[in-house]
Amino acid sequence: MSKWLVKSEPEVYSWDQLVKDKHTRWDGIRNYAARLHLRAMKKGDEIFFYHSNKGTEIVGIAAVIKEAYPDPTSDDPAWFAIDIKPLKKLKHPVTLEQIKKEKKLSNMSLVRISRLSVQPVTEEEWQIILKLGGMV
């Protein structure tokens, strides 16, 4: 199973809203690299849910429940969406500041390619963030 991170501005779509909705379609992605990541996601893959712009922190863990399909918000069949559901909230949100201070996370996409809205997370990065979030 692969690990991922998706970003959303909390004013647009927050972790709390995902929990309330129980699942959602992750659509509207119009970046080529992010599109490749969406297409690579498999059912059951876990995802860190990151609040961007305001808060800048990882707040929860979600899972892919439906693999890539044509994005209904686009007329171009080259763009894709996935469906996700919440799994659990982190005990402690992990801030971007904490991530940047952790030397072992210096190569994380969140640090290196900060604008990318869908990105892979290595197993080592995943475990470090779980620890920072009070999950292990």
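Since this is a predicted model, take the numbers as computed values, not measurements. Computed over heavy atoms, backbone and side chain alike; hydrogens, waters and symmetry mates excluded.
- Atom-to-atom distance recorded for H92:NE2 and M135:CE is 9.5 Å, nearest 0.5 angstrom.
- Enclosure of atom CG in D75 is not indicated, since only 12 or fewer non-hydrogen atoms of other residues, nucleotides or ligands lie within 6.0 angstrom.
- For R30, the CZ atom sits in a packed shell: over 12 heavy atoms of surrounding residues, nucleotides or ligands are nearer than 6.0 Å.
- Counting non-hydrogen atoms of other residues, nucleotides and ligands closer than 6.0 Å to CZ of R115 gives a total of 12 or fewer.
- Under the 4.5 Å side-chain heavy-atom criterion for grouping Ile, Leu, Val, Met, Phe, Trp and Tyr, V94 is connected to L110 within one hydrophobic cluster.
- When side chains are defined from C-beta on, V59 does not count as touching D16, because their heavy atoms never get closer than 4.5 Å.
- Side-chain contact between R25 and P72 is present, with at least one heavy-atom pair separated by less than 4.5 Å.
- Screening W4, F49, Y69 for a ring-ring contact (aromatic ring centres under 6.0 Å, His included) involving W26 leaves a single residue, F49.
- When every heavy atom of A63 is checked against every heavy atom of I47, the shortest pair comes out as C-CD1, 4.2 Å.
- Residue I84 holds its CD1 atom at 12.5 Å from CD1 of I61, rounded to the nearest 0.5 Å.
- Atom NE2 of H37 and atom OG of S2 lie 11.0 Å apart (nearest 0.5 Å).
- In this structure, the side chains of M108 and L5 come closer than 4.5 Å at one or more pairs of heavy atoms.
- V64 is not listed as a side-chain neighbour of K66, based on a closest heavy-atom distance of 4.5 Å or more.
- Counting only N and O atoms by type, the side chains of D71 and T73 include a donor and acceptor under 3.5 Å apart.
- When the side chains of ILVMFWY residues are joined at heavy-atom separations under 4.5 Å, either directly or via intervening members, V118 and L116 end up in two distinct hydrophobic clusters.
- Considering only heavy atoms from C-beta on, F48 comes within 4.5 Å of L130 through its side chain.
- Grouping the Ile, Leu, Val, Met, Phe, Trp and Tyr side chains by contacts below 4.5 angstrom, directly or via other members, places Y50 with L90.
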- Item | Worked verdict on W79 versus Y32 for ring-ring contact (aromatic ring centres under 6.0 Å, His included) | CA-CA 9 Å; W79 297 108; Y32 293 105; 5.3 Å; yes

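- Side-chain atoms of K85 and K22, non-hydrogen and from C-beta on, never get closer than 4.5 Å to each other.
- Between the side chain of H23 and the main chain of D83, no donor-acceptor pair closer than 3.5 Å is present.
- At distances below 3.5 Å, not a single donor-acceptor pair connects side-chain atoms of R39 with backbone N or O atoms of F80.
- The shortest distance between side-chain heavy atoms of M41 and E67 does not fall below 4.5 Å.
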- Can Y13 and L18 be said to form a side-chain contact (heavy atoms from CB on, under 4.5 Å), step by step? CA-CA 7 Å; Y13 195 82; L18 176 60; 3.7 Å; yes

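- Taking all atoms of both residues into account, the shortest heavy-atom contact from S106 to R112 is O-CG, 3.8 Å.
- By the 6.0 Å contact criterion, NZ on K3 is enclosed, its count of non-hydrogen atoms from other residues, nucleotides or ligands being greater than 12.
- Between the NZ atom of K42 and the CE atom of M1 there is a distance of 13.5 Å, given to the nearest 0.5 Å.
- Rounding to the nearest 0.5 Å places CG of L36 at 12.5 Å from CD1 of I29.
- Judged by distance alone, the side chains of Q98 and E102 never bring a donor and an acceptor atom under 3.5 Å apart.
- Between S117 atom OG and R35 atom CZ the span is 12.5 Å, to the nearest 0.5 Å.
- Heavy-atom contacts from other residues, nucleotides or ligands closer than 6.0 Å to CD of E97 number 12 or fewer.
- Within the 4.5 Å cutoff, side-chain heavy atoms of L87 are placed close to those of E46.
- Hydrophobic clustering places I58 together with V111 (ILVMFWY residues linked when any side-chain heavy atoms are closer than 4.5 Å, directly or through intermediates).
- A single hydrophobic cluster is not seen to contain both I65 and L38; linkage of ILVMFWY side chains at heavy-atom distances under 4.5 Å, directly or through other members, places them apart.
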